[in-house]
Amino acid sequence: QILPMLFVTTLMLFAVQYLQFQQYFCLKRNLLSSNSNRSKVPLFAVGISEQISSLQRSRWVKFICGASNHDVALIRNLCYIYTSAGVDCIDLSADSAILNAAMEGVQSAMIASNNFPNTKSRPLLMISVNDDEDLHFRKAEFDPKICPISCPRPCEKVCPAWAIPPISSQITTGVIADKCYGCGRCILSCPLGLITEKSYQSDVSTINSLLASGQVDAIEIHTGRNHQQSFQNLWNKIGPEVLANLQVISISFPDMDHETIPFIQSLQAIMTENTSLYSQFKGIHIWQADGRPMSGDIGKGASHACIQLATKLLQQQPLNISSTTSLDNVHQTTIDFLDHHNHHLNELNELKESKHFIQLAGGTNNYSFSMAKEVELIGKPGFGGFAFGGYARRQLGKYLNELEKNDSGAKIENHPDVLKYCMKFANELVQSVKSS
């Protein structure tokens with residue numbers, strides 16, 4: 001009896017191994033041909049039911065690579081780690097090289113998913129864009145040759161991305177642009193004010209090319225106070241592609257005090273103005289409450305701003321687009337946009353019900369879930385979950401950057417000791433939301 005059982009077991013193991021090899025070679029072929037055929041659907045297709053369930057239970061987790069983070073090797077490995085930890089979505093810079101690196105990390109993680117019990121389904125891939133000047137879309141820069149030799153270099157110490165290298169005769173740039181994600185801490189730390197920032201605008205042709213590639217599932221538009229016109233200008237150029245191809249539209253915005261809710265309503269009106277086109281959109285809306293941008297790695301208190309913003313939004317229920325809101329003390333720009341688009345607000349109620357969720361960002365870290373639970377956000381209708389960026393990256397970055405120094409282009413899965421540590425941290429962070 002034992003011999004037949006061993007024989008059957010051996011056959012089953014061989015079959016599993018054969019399937020894994022087949023997946024691997026399919027992945028290799030897909031990746032090698034992706035540049036020549038950008039419309040190819042990713043090997044591991046994604047369904048949105050798992051993500052909707054996460055949002056409905058306030059258990060959604062998004063990992064933010066950084067809208068200005070262009071460190072290809074780091075992003076590839078971070079995507080491998082956080083896919084394996086079970087995130088619902090990965091947020092990326094709108095750049096083809098970054099998207100390809102993320103896909104390679106995600107798909108490699110999916111192939112190895114049997115080794116990671118928290119991997120449920122492929123995360124949505126999201127690109128971040130801006131409608132106008134925004135803190136997330138900038139790079140620091142300075143000339144190291146003009147730095148005094150005696151300077152203690154506080155910029156190097158405060159940089160959370162290891163983007164400012166130690167001073168040496170070989171240094172030709174003050175900031176490694178690909179690593180810088182624009183937090184601005186170095187600018188404030190420089191005692192001589194030698195560090196400046198360079199802002200940039202998302203390129204519309206690049207955005208539409210990525211949207212049409214079949215490799216992007218979601219988009220996030222970063223906007224701000226009185227940006228309605230610039231938002232509309234961007235939306236008019238990318239809106240049809242977004243509604244036709246994507247499953248999630250996320251809007252990231254800061255706290256604008258009493259203007260926040262009318263501002264959100266004015267953006268809703270812009271996006272839905274073409275009701276026949278909008279009625280074809282079958283995805284979901286996420287409203288990212290960006291409390292204290294790029295600060296989650298600073299400490300517990302960084303979470304307060306985004307939690308306060310989300311609490312305010314959900315108390316006043318701004319997601320009902322036909323709700324009446326007092327416009328006292330609201331900026332005229334917002335009032336004008338609401339008046340202009342008012343003619344079709346009632347029509348929107350006749351469309352199929354859209355899903356709208358608030359998600360925290362800007363200061364999120366390992367304290368955020370418990371703090372949100374204390375104020376009864378968890379499980380509250382309309383509260384979807386959390387996005388982790390700076391905190392999630394910094395805790396792993398020191399190990400992954402060291403790995404890259406010693407082995408250029410290193411893949412995290414080929415370094416089990418480093419992977420073990422990284423997975424322990426990522427699992428604890430993600431599952432603190434998923435399993436609590």
Side-chain angles (χ1 to χ4, degrees), residues 64-75 91-99 101-102 126-148 151 153-168 170-210 219-227 229-231 233-234 237-238 252-254 288 290 292-298 361-362 389-390 393-394 397 401:
I64 304 173
C65 283
S68 293
N69 187 354
H70 299 108
D71 189 340
V72 171
L74 177 67
I75 286 170
D91 188 356
L92 306 158
S93 169
D95 180 279
S96 59
I98 298 303
L99 179 60
M126 172 185 284
I127 58 171
S128 270
V129 304
N130 60 329
D131 62 7
D132 208 328
E133 192 163 322
D134 185 276
L135 292 175
H136 301 85
F137 296 81
R138 61 178 181 172
K139 301 278 188 181
E141 56 184 17
F142 70 94
D143 183 355
K145 296 175 184 175
I146 63 175
C147 292
C151 182
R153 292 178 64 77
C155 58
E156 185 182 333
K157 296 180 177 67
V158 300
C159 178
W162 297 271
I164 300 179
I167 196 71
S168 73
Q170 284 77 37
I171 293 298
T172 58
T173 181
V175 179
I176 302 171
D178 284 349
K179 290 182 177 292
C180 175
Y181 61 81
C183 72
R185 296 177 206 175
C186 61
I187 298 172
L188 297 174
S189 74
C190 180
L192 299 177
L194 300 178
I195 306 177
T196 58
E197 65 178 70
K198 183 177 181 180
S199 299
Y200 65 95
Q201 186 78 29
S202 300
D203 179 67
V204 171
S205 61
T206 300
I207 297 170
N208 279 325
S209 175
L210 293 175
I219 192 169
E220 181 160 278
I221 302 175
H222 290 254
T223 187
R225 190 189 296 269
N226 299 331
H227 279 205
Q229 188 60 61
S230 54
F231 182 92
N233 292 341
L234 177 63
K237 296 171 183 174
I238 69 172
S252 181
F253 57 94
Q288 179 166 284
D290 195 13
R292 186 179 173 185
M294 299 175 284
S295 67
D297 59 304
I298 293 175
R393 294 192 304 270
R394 187 170 189 178
N401 277 301

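For reference, positions follow the sequence shown, starting with 1. Excluded from the calculations below are hydrogen atoms, water molecules and symmetry mates; all remaining heavy atoms, backbone and side chain alike, are included.
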Requested in this report: Determine which pairs satisfy salt bridge (Lys or Arg N to Asp or Glu O under 4.0 Å) with at least one residue from residues 186-210, sequence neighbours left out, and list them in order.
Outcome: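 Qualifying pairs: R138-E197.
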Looking at [atom1] of [X] and [atom2] of [Y], how far apart are the two atoms once the value is rounded to the nearest 0.5 Å?
{"X": "D131", "Y": "F231", "atom1": "CG", "atom2": "CZ", "answer": "7.0 Å"}
{"X": "L99", "Y": "L210", "atom1": "CG", "atom2": "CG", "answer": "6.0 Å"}
{"X": "E220", "Y": "D91", "atom1": "CD", "atom2": "CG", "answer": "5.0 Å"}
{"X": "I221", "Y": "I238", "atom1": "CD1", "atom2": "CD1", "answer": "4.5 Å"}
{"X": "E156", "Y": "C147", "atom1": "CD", "atom2": "SG", "answer": "10.5 Å"}
{"X": "S199", "Y": "H136", "atom1": "OG", "atom2": "NE2", "answer": "12.5 Å"}

Are the side chain of [X] and the backbone N or O of [Y] linked by a donor-acceptor pair below 3.5 Å?
{"X": "S209", "Y": "T206", "answer": "no"}
{"X": "S202", "Y": "N130", "answer": "yes"}
{"X": "R185", "Y": "K157", "answer": "no"}
{"X": "K179", "Y": "W162", "answer": "no"}

Could you tell me if the side chain of [Y] sits less than 4.5 Å from the side chain of [X], heavy atoms only?
{"X": "K139", "Y": "H70", "value": "yes"}
{"X": "R225", "Y": "P254", "value": "no"}
{"X": "L234", "Y": "V204", "value": "yes"}
{"X": "I219", "Y": "I207", "value": "yes"}
{"X": "C65", "Y": "I98", "value": "no"}
{"X": "F142", "Y": "T196", "value": "no"}
{"X": "C155", "Y": "S189", "value": "yes"}

Distance-minimising heavy-atom pair for [X] and [Y]:
{"X": "C180", "Y": "A163", "value": "N-CB, 3.7 Å"}
{"X": "P144", "Y": "G174", "value": "CD-N, 3.4 Å"}
{"X": "G362", "Y": "S295", "value": "C-OG, 4.2 Å"}
{"X": "A140", "Y": "I195", "value": "CB-CG2, 4.0 Å"}
{"X": "Q288", "Y": "S252", "value": "NE2-OG, 3.0 Å"}
{"X": "A67", "Y": "F137", "value": "CB-CZ, 3.6 Å"}

Query raised in the report: Would you say E133 has more than 12 foreign heavy atoms packed within less than 6.0 Å of its CD?
Result: no
Query raised in the report: Is any NZ, NE, NH1 or NH2 atom of the basic residue among R393 and D71 found under 4.0 Å from an Asp or Glu carboxylate oxygen of the other?
Result: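 Looking at D71 together with R393, the answer is no, because their closest N to O distance does not fall below 4.0 Å.
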Pair [X], [Y]: side-chain N/O donor-acceptor within cut-off below 3.5 Å:
{"X": "H222", "Y": "D290", "result": "no"}
{"X": "H227", "Y": "D132", "result": "no"}
{"X": "S68", "Y": "Y200", "result": "yes"}

Report task. I would like to know whether D178 and V72 meet side-chain contact (heavy atoms from CB on, under 4.5 Å); could you show each step before the answer? Result -> CA-CA 8 Å; D178 284 349; V72 171; over 6 Å; no
